[in-house]
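Scroll down for the structure; my scribbles are underneath it.
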Amino acid sequence: MSNDPLEIDKIISLIPGNVYWKNRDGYYLGCNDACAKCLGFSSSKEIVGKTIYDILDNKFHDFAEKIHMNDNEIMENNTPRVLEEKGPDAQGKVASYLTKKTPLHDEFGNVIGLLGVSIDFSSWKNVEAELLYQINQSEKNREITNTYLSNMLANLPENFYWVDRDSNVLGCNENQAKFFGLKSSKELIGKSIYDVAKLIGKDKVDADKIRQNDIEVMETRKTTKFEEEIEINGETKTFISFKNPLIDHNDEVIGVFGVTVDITERKNAEKALIEALKKAEAANIAKSNFIRNMSHDLRTPFGGILGFASHLEYIEDNPDKKEKLGYIKQSCEKLLSLINEIINLTSIETGEQLIQFEQTNIQEVINDINVLMTAQLRYKNLEFNSNVHNNLSAAISVDKTRLHRILLNLVSNAIKFTAKGSVSIEAFLSEIDTENKQATLNIHITDTGIGIPEDKLDVIFDRFTRLTNSYESNYEGTGLGLYIVKQLIKECGGSITVESKLNCGSKFICKIPCKLI
Ligand code: ADP
């Protein structure tokens, strides 16, 4: 390397940061341009012969003091050091410098000054400060969160606990500790499931069961619900326990987290409700039995009255008396039909009649209905149509008696509520399952009568519901027919719906499961 001072100057000016050298007493002997600029001079020559006290503004006196002390220490100890120092930057703002100070020697090895190289690392310092701040904040936040969480957990109303893979308690909330008769949750930590079972008077068998539940949850990795009854102070309590697998960040199951809820009150209310329901059902059956017995008892004397009224009407010659006897007969007939419907209804409500599948030809059933209704159809001059699809040409197996009663009711309603036009029956099979020999019997009963308002389509199936009263219309009835039909279809496992348009007619759609023969 050449000794040419210009060249050394050039090299020094290329070094990033501030380079300066001072004598033993702290007077600057030289520096690079960057250093001169940073200290507020336009050229490095202006700095020569000045101390740091001369250069720095009075407000930076403390920084000057520190720099001077550092210089002296390095020269006295004759050891280079890297230091952090503060001083102004080129804009006069406080900056942090990372400085390496090295002692300078004469030819005899005596310290005659020092060489300093400083880099402004304020921006790094700021990043570091920001980082430290963030770390501090997150530490604080974590502490706050932890405090909140532990407080929340400790005071949550139900019972919480968490155990390790061997079902040893790792922690729980205060409620859980109280439940076991302990003063604090700390007393439960470390106890095995067998120690815990003992606390509530349970034996090893019970503890084994609880342990087995824990193992199941850990193996299946699924939240599982267990219901158990425990006797505490002579009172049987019912608990529902939700056990969840505890899984760590390596996806390993490390234990079980459990939540136990006391559902004793709910369970007792449920039991009371079932009891009340049973009593209500028994009372309903008793009531139905009573009505049926009474109806049977009424039917016999009414039969007698009807018989004698008919006989007297037949033998009476006086037209006035004959007419009155006819009224008595008609009234008896109406009363008898009402009693018969009530007997039907009660036998359905007491669930007496078992479903009896029997070989049935649908066309024949429809023909029977037609024969029974011929007089009424003729009287009202109504057409009767039947359409049995090909897939129903063979006999099927259904409860024929119930089917007969269903169709009789629906067809007689259709005739009753139709003044002119027709009543039709269409029957076909759907959902045919030849393998299992099952299908659905569909029967549609359509009329061209008065129709049913849309908002009444549902209520007509309720007990004693009639859209017109006997006393204000031509249509007589009890309001029981459709209720009975719906119950009969329900007993067969089927359904009934209705489509209707006011003054155009109605269509009752029955779907009844049947067997193929
Ligand atoms: P009832 O015919 O004895 O009054 P139902 O339970 O059989 O009792 O019918 C209930 C009500 O539903 C009837 O009073 C009538 O208002 C209405 N209804 C039933 N079938 C028809 C129909 N085919 N067309 C119009 N209205 C009907």
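Atoms considered below: every heavy atom in the structure, side chains included; atoms not considered: hydrogens, waters and symmetry mates. Not measured: the values here are computed from a predicted model.
Residues forming a salt bridge (Lys or Arg N to Asp or Glu O under 4.0 Å) with Glu431 (at least two apart in sequence, or on another chain): none.
Side chain of Asn32 to main chain of Gly17: a donor-acceptor pair is present (N/O by atom type, distance under 3.5 Å, no hydrogens or angles). Thr440 places no side-chain N or O within 3.5 Å of a backbone atom of Ile512 that could act as its donor or acceptor partner.
Look at Arg221 and Asp251 and you find a salt bridge, because one of the NZ, NE, NH1 or NH2 atoms lies within 4.0 Å of a carboxylate O, short of that distance. A salt bridge links Asp208 with Lys204: at least one charged nitrogen is closer than 4.0 Å to a carboxylate oxygen.
Considering only heavy atoms from C-beta on, Lys515 stays 4.5 Å or farther from Lys437 through its side chain. Val196 is not listed as a side-chain neighbour of Tyr161, based on a closest heavy-atom distance of 4.5 Å or more. Between Lys507 and Val498 there is no side-chain heavy-atom pair separated by less than 4.5 Å. By the 4.5 Å heavy-atom criterion applied to side chains, Met218 and Pro245 are not counted as neighbours. Proximity of Lys86 to Phe60: side-chain heavy atoms (C-beta onward) are nowhere separated by under 4.5 Å. Counting heavy atoms from C-beta outward, Phe226 and Val217 have side chains that approach closer than 4.5 Å. Using a 4.5 Å heavy-atom cutoff, the side chains of Ile443 and Leu403 are in contact.
Note: Leu104 CG to Lys22 NZ = 11.5 Å, rounded to the nearest 0.5 Å. We find the CH2-CG distance between Trp162 and Leu170 to be 8.5 Å, quoted to the nearest 0.5 Å.
Between Phe239 and Phe179, the ring center distance clears the sub-6.0 Å criterion.
Each of Thr102, Thr79, Leu83 was checked for a side chain to side chain contact (heavy atoms under 4.5 Å, CB included) with Ile74, and the lone residue meeting it is Leu83.
Aromatic ring pairs are classed by plane angle as parallel below 30°, tilted from 30° to 60° and perpendicular above 60°; the pair Tyr53 and His61 is tilted.
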